[in-house]
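Only heavy atoms go into these numbers, but all of them, side chains included; no hydrogens, no water, no symmetry mates.
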There are 2 protein chains.
Amino acid sequence: MTSIAEKTVLDRADSLCRARGVRLTAQRRRVLAILCASARPLGAYEILDAMREGSRALAPPTVYRALDFLLEQGLVHKLESLHAFVGCNHPEHPHSSQFLICNSCGEVTELEDEAIARSLGSAASMSGFQPQRRVVEVIGTCAGCAQKGR
Amino acid sequence: MTSIAEKTVLDRADSLCRARGVRLTAQRRRVLAILCASARPLGAYEILDAMREGSRALAPPTVYRALDFLLEQGLVHKLESLHAFVGCNHPEHPHSSQFLICNSCGEVTELEDEAIARSLGSAASMSGFQPQRRVVEVIGTCAGCAQKGR
DNA sequence: GTACGAGACGTTATATTGTATCCAACGGCT
DNA sequence: AGCCGTTGGATACAATATAACGTCTCGTAC
């Protein structure tokens, strides 16, 4: 199932990479497509399984290398608390997002909240700390699941 | 080396657990002591190695079970981005802390910043999300290492 | 004091996640 | 064509975490 939204994400990834002078190869594009097509975050080995379908066998390093590239380019994010990966909603500008992770239905929402970013930044600078990477994940119950009483 | 500070942490853990009607057994106390004695976060297998010294061999589940208990009681925290654990500075009240992790010297600072907690909370409630656990880790360069030009 | 039950622990095996290494294939360049 | 840097294939392995099951221990009730 290739939705229109997914297609534009891939197209945008193409132009982004061209503009940056890096190569979105077939393998990398494939990993990104799999992540974008999934409603949920996927583990590296789930991606591996998805890539194996209909094609020859692949090994873990293939997926991890593609993921490393996509992470560097900001095209995907890693959810540390899940050991899983998601496609990014808005890869054009560098950003540090936050994630709401429902442990009932598995849904993940990517936020880009200025207030959180600011409070994190000022807490860091008060300590003289220079941030490079931010991991902000809130695990809990999403609105839908809360209503259903789960 | 058993510092005074470490001793009071263990003593406070004892009384906390007694007050809560849960058992801080010898194994659990040992894991907590090892974590508190360490200047850095420790992986589960590092704790396991430390516990093996001078005593009989232990298996991973022993350590993971002790860690699960200590996490539940808020006596230790898990650093998801490092797959490692640290003793908590102030276990008396339930809290969601934030961590500054220096990737040069490995030092970890636990913060309890109200502004961050508030901004996270309001972002979650705007989405109708009910938080249960918060993972906030900022990876970067600490003040000391930044000065040394690392 | 003894029997019971829940929780804690020991032990083995295994699942899951992630890397090191080395070599082959490809692509752009001169 | 020949060179060289990047990408990918393949094997092996390291690191992190859990399942399953039996045994022991401790508090409690009788």
Side-chain angles (χ1 to χ4, degrees), chain A residues 13-14 17-18 20-35 40-52 54-73 75-86 103 106 133 135 137 139, chain B residues 13-14 17-32 34-35 40-52 55-73 75-86 103 106 135 137 139:
Chain A
D14 279 327
C17 288
R18 219 174 309 115
R20 291 174 186 170
V22 296
R23 290 160 58 191
L24 186 62
T25 63
Q27 296 272 33
R28 294 165 175 175
R29 205 170 189 280
R30 186 120 180 265
V31 170
L32 181 57
I34 288 168
L35 278 175
R40 317 214 165 296
L42 296 177
Y45 281 72
E46 288 179 293
I47 297 171
L48 189 53
D49 288 342
M51 291 184 76
R52 278 169 172 160
S55 103
R56 70 178 166 297
L58 294 175
T62 299
V63 170
Y64 281 104
R65 282 189 289 229
L67 286 171
D68 285 345
F69 171 86
L70 296 169
L71 287 168
E72 274 171 21
Q73 299 302 320
L75 296 168
V76 310
H77 296 294
K78 176 166 191 180
L79 301 174
E80 293 288 351
S81 65
L82 298 181
H83 303 289
F85 303 84
V86 287
N103 53 16
R133 185 182 163 220
V135 174
E137 300 172 18
I139 295 95
Chain B
D14 279 327
C17 288
R18 219 174 309 118
R20 291 174 187 169
V22 296
R23 289 162 56 192
L24 185 63
T25 63
Q27 296 272 35
R28 293 165 175 175
R29 204 169 190 281
R30 186 120 179 266
V31 169
L32 181 58
I34 289 167
L35 278 175
R40 319 214 164 296
L42 296 178
Y45 281 72
E46 288 179 294
I47 297 171
L48 189 54
D49 288 343
M51 290 183 76
R52 276 169 171 160
S55 102
R56 70 179 165 297
L58 295 175
T62 299
V63 170
Y64 280 104
R65 282 190 288 232
L67 286 170
D68 285 345
F69 171 86
L70 296 170
L71 286 168
E72 274 172 21
Q73 299 303 321
L75 297 168
V76 310
H77 296 295
K78 177 168 190 178
L79 301 175
E80 293 287 352
S81 65
L82 297 181
H83 304 288
F85 303 84
V86 286
N103 52 17
V135 174
E137 301 172 17
I139 296 95

Could you tell me how far apart [X] ([atom1]) and [N] ([atom2]) are, to the nearest whole angstrom?
X     : N      : atom1 : atom2 : answer
B/M51 : C/dT11 : CE    : C1'   : 15 Å
A/I47 : C/dT17 : CD1   : P     : 11 Å
A/L58 : D/dA10 : CG    : C1'   : 11 Å
A/L48 : C/dT19 : CG    : P     : 15 Å
B/L42 : D/dT16 : CG    : P     : 11 Å
A/L24 : D/dT7  : CG    : C1'   : 13 Å
B/R30 : C/dG10 : CZ    : P     : 11 Å
B/E46 : D/dA17 : CD    : C1'   : 15 Å

Can you check whether B/L42 reaches B/I34 side chain to side chain, under 4.5 Å on heavy atoms? yes
What I want to check is whether an N or O donor and acceptor connect the side chain of A/Y45 with the base of C/dA15 at under 3.5 Å.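 Checked by distance alone, the answer is no.
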Spell out yes or no: do the side chain of A/R65 and the base of D/dG9 have one donor N/O and one acceptor N/O closer than 3.5 Å?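 Indeed there is one.
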Under 4.0 Å: is that the gap between some side-chain N or O of [X] and OP1 or OP2 of [N]?
X     : N      : value
A/H83 : C/dT16 : no
B/T62 : C/dC9  : no
A/K78 : C/dG18 : yes

Starting at the 5' end of DNA chain C and moving along, which residue's nearest nucleotide shows up first, B/A26 or B/A59? B/A26
Heavy-atom closest pair, residues [X] and [Y]:
X      : Y     : result
A/E137 : A/K78 : OE2-O, 3.9 Å
A/Y45  : A/P60 : OH-CG, 3.4 Å
A/R29  : A/D14 : NH2-OD2, 2.7 Å

Given 3.5 Å as the limit, does a donor-acceptor pair link the side chain of A/R28 with the main chain of A/L70, or not?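 Flag not set: sc A/R28 to bb A/L70 has no pair under 3.5 Å.
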Does any N or O in the side chain of B/R20 come within less than 3.5 Å of the main-chain N or O of B/Q73, such that one atom is a donor and the other an acceptor?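 Yes; judged by distance alone, with no hydrogens or angles, the pair exists.
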Using a 4.0 Å heavy-atom cut-off, does A/A57 contact any base of the nucleic acid, only the sugar-phosphate backbone, or nothing at all?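 The residue A/A57 makes sugar-phosphate contact but no base contact.
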Quick one: label B/R28 by what it contacts on the DNA or RNA (base, sugar-phosphate, nothing), any heavy atom closer than 4.0 Å. sugar-phosphate
Summary of protein contacts for nucleotides 25-30 of chain C, nucleotide by nucleotide, where a base hit scores B, a sugar-phosphate-only hit scores S (4.0 Å, heavy atoms): ------
Can you tell me which nucleotide in D/dG8, D/dT16, D/dA19 comes closest to the side chain of B/Y64? D/dT16
Side chain of A/Q27 (C-beta onward), nearest among C/dG10, C/dC9, D/dG9: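 Between C/dG10, C/dC9, D/dG9, the one nearest the side chain of A/Q27 would be D/dG9.
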CG/B/L67 to CG/B/L75 distance, rounded to the nearest 0.5 angstrom?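 Atom-to-atom, B/L67:CG and B/L75:CG are 11.0 Å apart.
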Looking at A/R133 and A/E80, is any side-chain nitrogen of the basic one under 4.0 Å from a carboxylate oxygen of the acidic one?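 Answer for the salt bridge query: yes.
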